[in-house]
Amino acid sequence: QDAYISALRSVGEDVFLRVYNGTDREKTAIIKVPEEFGFMTETDGCMREKTDTKTPVKGEMHIPLAPYKVVGMRFSK
């Protein structure tokens, strides 16, 4: 609630997702990751990877969002 998807698109075989908190309160976005994606890389809002580290993911992710925070994620197999 109060976390919004601002982008969802395919990037080759990967998927880019950008979410944001539209309030002045901390929120948690719950992302259900499809089984075919096993890794997540944090990106900036323009899909550029912030790190080379691929975080393993499975099932559901809980993403903390500070007030008015934007978070980008790239999911890969």
Open item on the list: Assess the residue pair Val15 and Arg74 against the criterion (side chain to side chain contact (heavy atoms under 4.5 Å, CB included)); give the C-alpha distance rounded to whole Å, side-chain angles, the decisive distance to 0.1 Å, and a yes or no.
Closed with: CA-CA 6 Å; Val15 170; Arg74 186 169 177 158; over 6 Å; no
Open item on the list: Check whether Asn21 reaches the backbone of Ala3 with its side chain - one donor and one acceptor, N or O, closer than 3.5 Å.
Closed with: no
Task: Leu65 reachable from Val33 in the ILVMFWY side-chain graph, under 4.5 Å edges - done: yes
- [ ] Determine, using the 4.5 Å side-chain heavy-atom cutoff (strictly less than), whether Leu8 and Ile31 are members of one ILVMFWY cluster.
- [x] yes
- [ ] Taking atom CD of Glu36 as the centre, report whether more than 12 heavy atoms of other residues, nucleotides or ligands fall under 6.0 Å from it.
- [x] yes
TODO: Working to the nearest 0.5 Å, report the span between OG1 of Thr43 and CG of Asp14.
DONE: 11.0 Å
Task: Validation row: Leu17, Ile5 side chains within 4.5 angstrom (heavy atoms) - done: yes
Open item on the list: Determine whether a donor-acceptor pair (N or O, by modelled atom type, separation under 3.5 Å) exists between the side chain of Thr23 and the backbone of Arg25.
Closed with: yes
Task: Hydrophobic cluster membership, Val71 vs Tyr68, 4.5 Å side-chain cutoff - done: no
Task: From CA spacing to verdict: side chain to side chain donor-acceptor pair (under 3.5 Å), Arg18, Ser6 - done: CA-CA 6 Å; Arg18 183 173 53 229; Ser6 64; 2.9 Å; yes
Task: More than 12 heavy atoms of other groups within 6.0 Å of Glu13 CD - done: no
Open item on the list: Check for me, please, whether Phe75 and Val70 land in the same ILVMFWY cluster - side-chain distances under 4.5 Å, paths through other members count.
Closed with: no
Task: Nearest-0.5 Å distance that lies between atom NZ in Lys69 and atom CD in Glu26 - done: 11.0 Å
- [ ] If a pair satisfies ring pair (Phe, Tyr, Trp, His ring centres under 6.0 Å) and one of its residues is in residues 13-47, list it, with sequence neighbours excluded.
- [x] Tyr4-Tyr20
TODO: Just grab all the salt bridge (Lys or Arg N to Asp or Glu O under 4.0 Å) pairs involving residues 39-56, residues at least two apart or on different chains.
DONE: Glu42-Lys50, Asp44-Arg48
Open item on the list: Applying a strict under-4.5 Å side-chain criterion to I, L, V, M, F, W and Y, I'd like to know whether Met40 and Ile30 cluster together.
Closed with: no
